[in-house]
Amino acid sequence: MKLATKLLLFIAGSKLVVAALFILLLPFLVDQIASEYTNYILKEQQEKVMDIVAKNGIQYYLQGEKSYGSYTLLKEEYIALEPYTDKASLDTIKDTKRIIEGDTLNYRVLSHTFYDENKPYLLEVGKTIASIHQYNQPLQRFALYVLISLIVFTVLIDVTFTRLLVKPLGQIIKSRLVNRKFPFKEQEAKIKTSTTDFSYLDESILILMRQINEAFAKEREFTANASHELMTPISILQHKLENLLRDEDLSESAELGILETMKTLDRLKKISSSLLLISRIDNEQFVKRDEVNPVVLLQEILEEISHRLEEKNIQIHLDIKEELLLKQVNHDLLFQLFYNLINNAIKFNKENGTIEIFDELLSFNQYQITVKDTGKGIAKAQIPFIFNRFRKSDQAENPGYGLGLAIVKSIAAYHQIDIQVNSEVDKGTSFRVIFNLFNDA
Amino acid sequence: MKVLIIEDEKTLAYEMETFLKKAFYVCDLAHTFHDGLEKAQVNSYDFILIDLGLPDGDGLDILKKIKKSHPEAAFIIITARGNLEDKITGLDLGADDYLAKPFYLLELQSRMQAIARRKFNVQDELLTIGDFEIDIQKRLVIYNEQEIELSRKEFDLLSYLLLHKNRVLTRMQLSEHIWGTFADVDYDSNYIDAHIKNIRKKLNVLASTEWLETVRGVGYRIRK
């Protein structure tokens, strides 16, 4: 999962949890507030009454009557003053039932006892429970709406900001890591960001890429120089041996010895010239200016190689349907690429085996040529290594240098050709060579 | 025939000289660009072998300069660069052939003979081997005035062996002559064997091919 997605999920998740908690607590909170507030109002009213009594005396209310009572029209609130008979003084607020004009209603009642002119009185201030909670529902709803819109608002801000924050990381991944083919050619400019972690990451990747490029360049240079420098001593040895062979007095056994030595020298020569070829491909010393018709190319190769088929009585089926031209390629290198693949298909094939070569247009841009044999196949664990230099298959009857496929790999990389290998032991191997017809590079 | 070898690697030059002398060529050596240019300008040669990697100049420049004043000379370019562009430029500039180092001296000799045939109209007499006659120019193998059809590669092989008769030629020497250095990465190729088998099959119908010997593990030889 992407970092940006994770961050967003986390932010949204944590907000939801908070919101859910709040929504669960909301009725209880509103209840609590309403009841606290009611108690406070009741006490205020009590104080007002007590003030008036202290100022004007209790007769201000009683007007000579024994007791006083007043309630609002819908009996939501009432005040009552009456003489008090009990000895214990009262100063409480509690929910209780009162009967007013025949209606039994639930009230919250503040009871307060006091003395006026040495007579005890009881003051009761009441409020119906229903009226206490009458605002609960609208309040809750209102709070909920505010909460939801706040959450939506903050999530929107979070989304925008997280995107902005994580954007450099996306750029780093896109420009440095996705679809990068080795060697990394262009060194792009640094990615702009004020986040130090990202700029550090970006710089480190750039440095690493540069180091890899340098190491690769060094290796290429070494391979080129070493194989090139070997050519002169090999030439000298070869010429010396050839001149030795010209000696008329040479004994048969000496001649054979020299010939054996020449064979070994040939091997050395082939290795260095293959390495030289690889390094020259890697150093892009071949021009890609040819246009190649796959059918013609493959027929040329088959003509070259056909005499080898007789050894194992191998049948080759060439089935190229697409009429197209491979553009901006090097003919000789493509020849070498398919030559090596077909050569391997013969070399590792069985007696009376077959080789199928066929093509397929994968998409408007991708063209695939498959070379499929019925040979001994390659063990799955071996497949990742077959393109390495000097690979030797353990079971090879006629070992080469292990450079044939390394050359194929270099040619493919140079032409942005993708090569896929499928193989099953004892069933055969197929190499799929995939061309990008419209190369941007 | 006179040959000028322009090659900075002295040992190589000496070996080439030794080889060509035995094949009855007269050789001059030059180890630098200037020496080579001077010798080529002053003397006249039938063949000029130019190594492209000279320390004090590009061998192609010698070719450019001498080609005009000595159009009769045949030029063979030798390079260790193995670069196809060099080959094309060289041939464009009028070189007659091109050899990539390391090459076989036998190959050099046969290239020189081919050039001589082409350029100096040197006629090979009809070669005979066993009961067969071989016409290198017309590329024919004849038995009792009857033509035998060999493929292009089979003929190349046979004529190359015949050119260097009484010598064992390794499979590598033969395959480099026929396919060049580019195509094949297999070092001990059996390609040659298949061709030899075909040649024997085609000729044996008519007469013995005992003269075409297999040297086990090494290669082939025509004994005459």
Side-chain angles (χ1 to χ4, degrees), chain A residues 227-243 245-247 255-256 258-260 262-263 265-274 276-277 280 285-287 301 304-311 330 332 335-336 339-340 343 347 398-407, chain B residues 7-19 22-23 53 78-85 100-109 151 153-154 166-173 175-176 179 181-195 197-198 215-219:
Chain A
S227 43
H228 185 256
E229 286 306 312
L230 279 172
M231 285 307 181
T232 307
I234 290 173
S235 288
I236 294 172
L237 277 176
Q238 189 174 294
H239 291 178
K240 276 193 184 289
L241 292 174
E242 273 190 286
N243 276 329
L245 277 175
R246 295 231 133 182
D247 194 338
E255 189 186 359
L256 241 116
I258 295 171
L259 286 167
E260 290 289 341
M262 274 177 83
K263 261 181 69 178
L265 190 62
D266 283 337
R267 191 167 161 185
L268 180 59
K269 187 167 108 184
K270 272 293 172 196
I271 293 173
S272 2
S273 53
S274 295
L276 193 59
L277 175 65
R280 289 185 51 231
Q285 287 175 9
F286 287 90
V287 213
I301 295 168
E304 280 291 318
I305 218 166
S306 55
H307 55 90
R308 282 210 61 187
L309 301 175
E310 292 165 22
E311 279 173 44
N330 184 295
D332 294 341
F335 184 96
Q336 180 83 67
Y339 185 95
N340 288 3
N343 191 30
K347 192 155 81 181
N398 12 329
Y401 306 111
L403 284 172
L405 284 178
I407 292 173
Chain B
E7 162 68 67
D8 62 309
E9 197 66 46
K10 287 182 184 156
T11 329
L12 262 184
Y14 295 143
E15 292 300 328
M16 283 159 77
E17 186 191 18
T18 313
F19 181 88
K22 276 196 181 157
I78 293 165
T79 172
R81 292 183 223 164
N83 201 329
L84 214 68
E85 272 85 73
K101 272 187 198 170
F103 55 86
Y104 289 103
L105 290 168
L106 287 184
E107 185 64 25
L108 173 67
Q109 191 192 355
S151 76
K153 297 220 159 85
E154 286 160 5
N166 294 324
R167 276 178 218 299
V168 181
L169 299 188
T170 62
R171 289 194 180 88
M172 185 74 163
Q173 283 175 314
S175 76
E176 274 201 20
W179 288 289
T181 44
F182 194 55
D184 197 355
V185 287
D186 276 339
Y187 100 90
D188 204 344
S189 73
N190 302 317
Y191 295 41
I192 298 299
D193 301 344
H195 281 298
K197 216 168 107 191
N198 279 344
V215 182
R216 265 201 67 186
V218 179

* Taking atom types as modelled and ignoring hydrogens, do the side chains of Asp332(A) and Gln336(A) form a donor-acceptor contact shorter than 3.5 angstrom? -> no
Looking only at Asn243(A), Ile301(A), Ile236(A), most heavy-atom pairs under 4.5 Å shared with chain B are made by Asn243(A)
Notebook entry, point to check: Leu237(A) versus Met262(A): any side-chain heavy-atom pair under 4.5 Å?
Noted result: no
Interface check, chain A: of Lys197(B), Met16(B), Lys22(B), most non-hydrogen pairs under 4.5 Å belong to Lys22(B)
Sequence neighbours excluded, the answer for side chain to side chain donor-acceptor pair (under 3.5 Å) partners of Gln109(B) is Arg246(A)
Across all chains, not counting sequence neighbours, the salt bridge (Lys or Arg N to Asp or Glu O under 4.0 Å) partners of Glu17(B) are Lys21(B)
Whatever's closer than 4.5 Å to a heavy atom in chain A on Tyr14(B) counts as neither
Honestly, the part of Leu106(B) sitting under 4.5 Å from a heavy atom of chain A is both
Per-residue tally against chain A (heavy atom, under 4.5 Å) across Lys101(B), Glu9(B), Arg167(B) peaks at Arg167(B)
task: Give the intermediate values and the outcome of side chain to side chain contact (heavy atoms under 4.5 Å, CB included) for residues Leu403(A) and Lys270(A).
output: CA-CA 10 Å; Leu403(A) 284 172; Lys270(A) 272 293 172 196; over 6 Å; no
